[in-house]
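Since the model is a prediction, treat every value here as computed from it, not as a measurement. Just follow the structure's listing: the first ligand is 1, and inside any ligand the first atom is 1.
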Amino acid sequence: MSLSIQSLIESRVSVNHFDPARPVTDADIRELVRLATRAPSAFNFQNWKFIAVRTPAAKAQLKAIAYDQQKVADAAVTFIICGTLEAHKTLPHALRPAVEAGIMDQTVADTWVEFATAAHPANPQLQRDEAIRSASLAAMTLMLAAEGMGLSSCSMVGFDAAQLADTFELAGNEIPVMLVTVGYAAPGNWPQKPRRPVEEVIALV
Ligand SMILES: Cc1cc2nc3c(=O)[nH]c(=O)nc-3n(C[C@H](O)[C@H](O)[C@H](O)COP(=O)(O)O)c2cc1C
């Protein structure tokens, strides 16, 4: 039985205890990344990269970088979700399939590239904002995809970014935005925590 998206959102928890005895397949990892890349991004930049850390040796390296958080060792896989800078440079390549599929005309794609190329090169803050936005939306999409596949997850910013970039050989334009551990939950996790009331966070204008 597949759950509705509302049920998945309401039942997802940030899992702390994973079952170390239950791996996931590389096919599952690819499927999670395939679904994560269905996330939207500005101009359809797709300025992201997913490093799936799943071998015991690589997990041990990442666990040390993640301030020894045990779930990195126990979860089947931890994704290092990166956002990339200078996304305008790869935009023609990113848009080509939409042109080839007849979704957008080449002239529209060229205009998007023109807009991005006018705004991004001289604006490192915008490049970084876009990298964080894209990677964050991809991370949430991946977590919901995991729920839909019967898996659990936890997003994490508890890691040393410089050490991670060095150890996992990130390129100069790749920012490690978030870690997302994915695996099968073990007993003993908290339920989803209550949220602030809607009336406290909403503005109807
Ligand atoms: C950006 C971000 C960073 C987080 N970093 C960590 C972390 O380093 N370690 C951890 O155990 N949980 C981390 N969390 C999980 C949060 O504590 C958790 O999502 C929050 O308490 C709500 O939990 P719930 O969704 O299960 O209700 C992080 C969550 C987010 C969104």
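Under the rule for a side chain to side chain donor-acceptor pair (under 3.5 Å), Glu114 has no partner lying at least two apart in sequence or in another chain.
One finds no salt bridge joining Asp74 and Lys59 here, because no Lys/Arg side-chain nitrogen approaches an Asp/Glu carboxylate oxygen to under 4.0 Å.
Within 4.0 Å of ligand 1, counting heavy atoms only, the contacting residues are Arg12, Val13, Ser14, Gln69, Lys71, Cys154, Ser155, Met156, Val157, Gly158, Gln192, Lys193, Arg195.
Counting all heavy atoms, side chain and backbone alike, Trp48 lies closest to Ser134 at CE3-O, 3.4 Å.
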Side-chain polar contacts of residues 142-150 - donor-acceptor pairs under 3.5 angstrom, sequence neighbours left out - could you list them?
none

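Other residues sharing the hydrophobic cluster of Val99, ordered by chain and number and joined by side-chain separations under 4.5 Å: Phe43, Phe45, Leu91, Leu95, Met104, Val108, Trp112, Val113, Phe115.
One hydrophobic cluster, built from ILVMFWY side chains closer than 4.5 Å, holds both Val180 and Leu32.
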